[in-house]
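Sequence lines set the chain letters: A, B, ... in the order given, protein chains first and strands last, and positions in each chain run from 1.
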Number of protein chains: 2
Amino acid sequence: MSVEKTATAKKPSRIQLRNRKKILDAALEVFSQHGYRGATLDQIAEHAGLSKPNILYYFDGKEAIHVTLLNKLMENWLDPLHEMNPNGDPLEEICAYVRRKTEMSREFPRESRLFANEILQGAPRMAPHLETGLKPLFDEKTAVIQGWMDAGKINRVDPRHLVFSIWATTQHYADFEAQVSVLTPGEKDIIQGAETYLDTLFRKLLAP
Amino acid sequence: MSVEKTATAKKPSRIQLRNRKKILDAALEVFSQHGYRGATLDQIAEHAGLSKPNILYYFDGKEAIHVTLLNKLMENWLDPLHEMNPNGDPLEEICAYVRRKTEMSREFPRESRLFANEILQGAPRMAPHLETGLKPLFDEKTAVIQGWMDAGKINRVDPRHLVFSIWATTQHYADFEAQVSVLTPGEKDIIQGAETYLDTLFRKLLAP
DNA sequence: CTGCTTTTTTACCATTTGGTAAAGTGACGA
DNA sequence: TCGTCACTTTACCAAATGGTAAAAAAGCAG
């Protein structure tokens with residue numbers, strides 16, 4: 001069921017491993033900057049330091065590369081939400097989640113933009129993933145938060161909008177980096193300040 | 001200095017006005033969905049109900065259409081921020097700004113996505129606009145907010161991050177609509193709930 | 001070294017895409 | 001009614017783009 005070529009039972013060679021990684025890294029760079037339709041195989045090939053036909057030796061086509069990237073992305077992207085512990089202290093769990101998401105905006109801006117591009121354009125290649133991967137987790141965690149509110153541990157707000165606002169505020173620094181950097185010139189680490197601000201924001205909202 | 005063809009001193013005819021509007025509306029639809037490089041003149045032509053050469057009779061090319069759209073967008077996009085009155089009640093002014101921005105996400109989602117697409121891809125055709133249009137306004141208004149904080153009218157936070165978080169949370173509902181609609185199925189007007197939630201969010205943050 | 005497999009390159013191709021030239025059509029004032 | 005100007009269509013084109021076939025080169029087990 002893999003999208004990669006030669007993905008039979010045989011274990012991939014050292015060369016395959018290395019080149020697949022080079023291709024995916026180059027593709028992440030290009031797709032995250034130009035979106036799916038704006039990216040070209042030639043750009044990816046150049047970034048990867050390989051020829052275009054050579055890239056098509058490793059992947060079945062442009063779409064296959066994109067899908068592979070999105071698959072790998074979803075694994076890591078949902079991790080921080082998974083880590084939110086229903087048995088932990090509610091306020092601290094949520095603030096820790098905000099911190100982890102902010103951290104990802106700093107560490108993986110390309111992944112954030114790849115995701116943003118895909119969603120912006122209607123999630124044509126990711127709708128299934130949203131349904132089967134994100135939706136159940138979202139329902140589960142909003143229910144947990146609702147439980148915390150019902151128990152009076154945190155202030156009562158719509159948990160869905162709470163999660164949306166966490167995603168929006170944290171990913172903003174990666175997705176809108178071009179704007180942020182124009183408006184805060186010479187700032188060495190604007191995300192540092194964001195971490196402090198967002199902690200205050202959600203603490204004030206939720207403190208019972 | 002206009003980007004449109006035949007933009008001499010002569011006033012545009014009725015036909016020109018109608019067709020330019022048709023083209024720009026079609027272009028907004030297509031660019032906001034696919035981004036600049038992903039959009040094609042053929043798509044725009046079809047949406048506009050005109051032939052491709054006919055479109056190029058009214059505009060100098062694909063880029064000219066895009067630039068025209070971005071120019072018109074910036075006018076309206078900054079309006080809500082302009083309306084924030086330094087002499088009004090601080091908390092109410094900011095909450096009113098949040099409300100206006102939320103409203104725009106509901107009323108003009110395509111414009112929001114057009115903007116988001118452009119920023120996501122590094123603002124290649126809008127960097128000047130950000131510098132000359134947005135930046136001064138941003139500096140002015142963050143200074144106003146800082147003044148309110150210094151006067152003890154609202155709680156003290158970094159005004160820049162405050163504004164970023166307002167943009168992020170309000171535009172999220174338009175830009176990530178594909179994701180939001182998957183996670184809140186059957187919701188007739190999710191933005192209604194967002195308005196309530198965001199009012200609470202920023203009130204709790206800023207109430208002195 | 002030898003023969004076999006894996007990897008890479010060269011040379012293409014069909015389609016799409018932004019754009020143009022020029023002929024044709026229509027509206028409208030003199 | 002006629003000529004002029006504004007608008008539209010038809011027929012193209014060159015470049016870019018995703019993709020392929022097949023030869024050449026590089027690894028590598030024996």
Side-chain angles (χ1 to χ4, degrees), chain A residues 2-27 29-31 33-69 121 124-125, chain B residues 2-24 26-31 33-70 117 121 124-125:
Chain A
S2 172
V3 219
E4 294 153 43
K5 257 182 180 171
T6 13
T8 57
K10 298 172 183 179
K11 50 185 76 168
S13 73
R14 236 171 289 113
I15 295 179
Q16 272 190 37
L17 245 46
R18 173 173 50 84
N19 281 352
R20 271 203 239 271
K21 190 165 295 184
K22 281 207 288 187
I23 292 169
L24 288 176
D25 190 67
E29 184 74 27
V30 176
F31 279 132
Q33 193 167 116
H34 300 293
Y36 178 73
R37 300 193 51 182
T40 70
L41 283 178
D42 292 287
Q43 284 176 299
I44 296 173
E46 192 182 357
H47 269 81
L50 299 171
S51 69
K52 182 167 62 175
N54 202 5
I55 280 181
L56 292 169
Y57 171 76
Y58 289 103
F59 288 89
D60 273 336
K62 185 185 179 183
E63 181 154 4
I65 301 176
H66 195 243
V67 170
T68 302
L69 271 183
Q121 309 190 355
R125 272 164 293 280
Chain B
S2 171
V3 219
E4 296 154 40
K5 257 183 179 170
T6 14
T8 57
K10 299 171 184 178
K11 50 185 74 168
S13 73
R14 235 173 292 113
I15 293 179
Q16 270 190 40
L17 278 162
R18 172 172 52 84
N19 280 352
R20 268 202 241 274
K21 190 164 293 183
K22 281 208 288 189
I23 292 169
L24 289 176
L28 175 58
E29 184 72 28
V30 176
F31 280 133
Q33 192 166 118
H34 301 293
Y36 178 73
R37 300 192 53 184
T40 70
L41 283 179
D42 292 287
Q43 285 176 298
I44 296 173
E46 192 181 356
H47 269 80
L50 300 171
S51 69
K52 182 167 64 175
N54 203 5
I55 280 182
L56 293 169
Y57 171 77
Y58 289 103
F59 289 89
D60 273 336
K62 184 183 178 183
E63 181 154 4
I65 302 176
H66 195 243
V67 170
T68 302
L69 271 183
L70 290 178
N117 257 306
Q121 311 192 353
R125 272 164 293 280

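In this structure, B:K22 places its NZ atom 12 Å from C1' of D:dT8, rounding to the nearest Å. Atom-to-atom, CD of A:E63 to C1' of D:dG18 comes out at 12 Å; the value is rounded to the nearest Å. Summarising the geometry, the separation between CG on A:L50 and C1' on C:dT10 is reported as 16 Å, rounded to the nearest angstrom. Residue A:K62 contributes atom NZ, which lies 18 Å from atom C1' of D:dT20 at whole-angstrom precision. Residue A:L56 contributes atom CG, which lies 13 Å from atom P of C:dT8 at whole-angstrom precision. C:dG18 atom P lies 16 Å from atom CZ of B:F59, rounded to whole Å. We find that CD of B:Q16 is positioned 12 Å from C1' of D:dC5, with the value rounded to whole Å. Distance, B:I65 CD1 to C:dG18 P: 10 Å, rounded to whole Å.
B:L56 places a side-chain heavy atom less than 4.5 Å from the side chain of B:L41. The side-chain heavy atoms of A:Y58 and A:K22, taken from C-beta on, include no pair separated by under 4.5 Å. B:F31 has its side chain out of reach of B:N117: every pair of non-hydrogen atoms, C-beta onward, lies at least 4.5 Å apart.
Shown here are the side-chain contact (heavy atoms from CB on, under 4.5 Å) partners of A:L17, two or more places apart in sequence or in another chain: A:P12. The side-chain contact (heavy atoms from CB on, under 4.5 Å) search around A:D25 returns A:R110, not counting sequence neighbours. Legend: residues meeting side-chain contact (heavy atoms from CB on, under 4.5 Å) with B:D42, ordered by chain and number and at least two apart, are B:T40, B:K52. For A:H34, the ring pair (Phe, Tyr, Trp, His ring centres under 6.0 Å) criterion is met by no residue, not counting sequence neighbours.
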Quick test: give all pairs of protein nitrogen or oxygen and nucleotides 26-30 of chain C nitrogen or oxygen below 3.5 Å, distance rounded to 0.1 Å.
none

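Picking from D:dT10, D:dT8, D:dG19 the nucleotide with the shortest atom distance to the side chain of B:Y58 gives D:dT8. Side-chain proximity of A:Y57 to the nucleotides D:dG19, D:dA6, C:dT7 is greatest for C:dT7. Counting only heavy atoms from C-beta on, A:N54 has its side chain closest to C:dT8 among C:dT10, D:dC7, C:dT8. Listed candidates were D:dT8, C:dG18, C:dT9. Nearest to the side chain of A:S51 is C:dT9.
Listed pair B:N19 / D:dA6 fails the phosphate criterion, with no side-chain N or O lying under 4.0 Å from OP1 or OP2.
Near DNA chain C, meaning a heavy atom under 4.0 Å from it, residues 33-49 of chain B has B:A39, B:T40, B:L41 in order of number.
Contact record, A:A39 with A:V30: CB-CG1, 3.4 Å, taken as the closest heavy-atom pair.
In this structure, CD on B:Q33 lies 8.5 Å from CD on A:Q121, to the nearest 0.5 angstrom.
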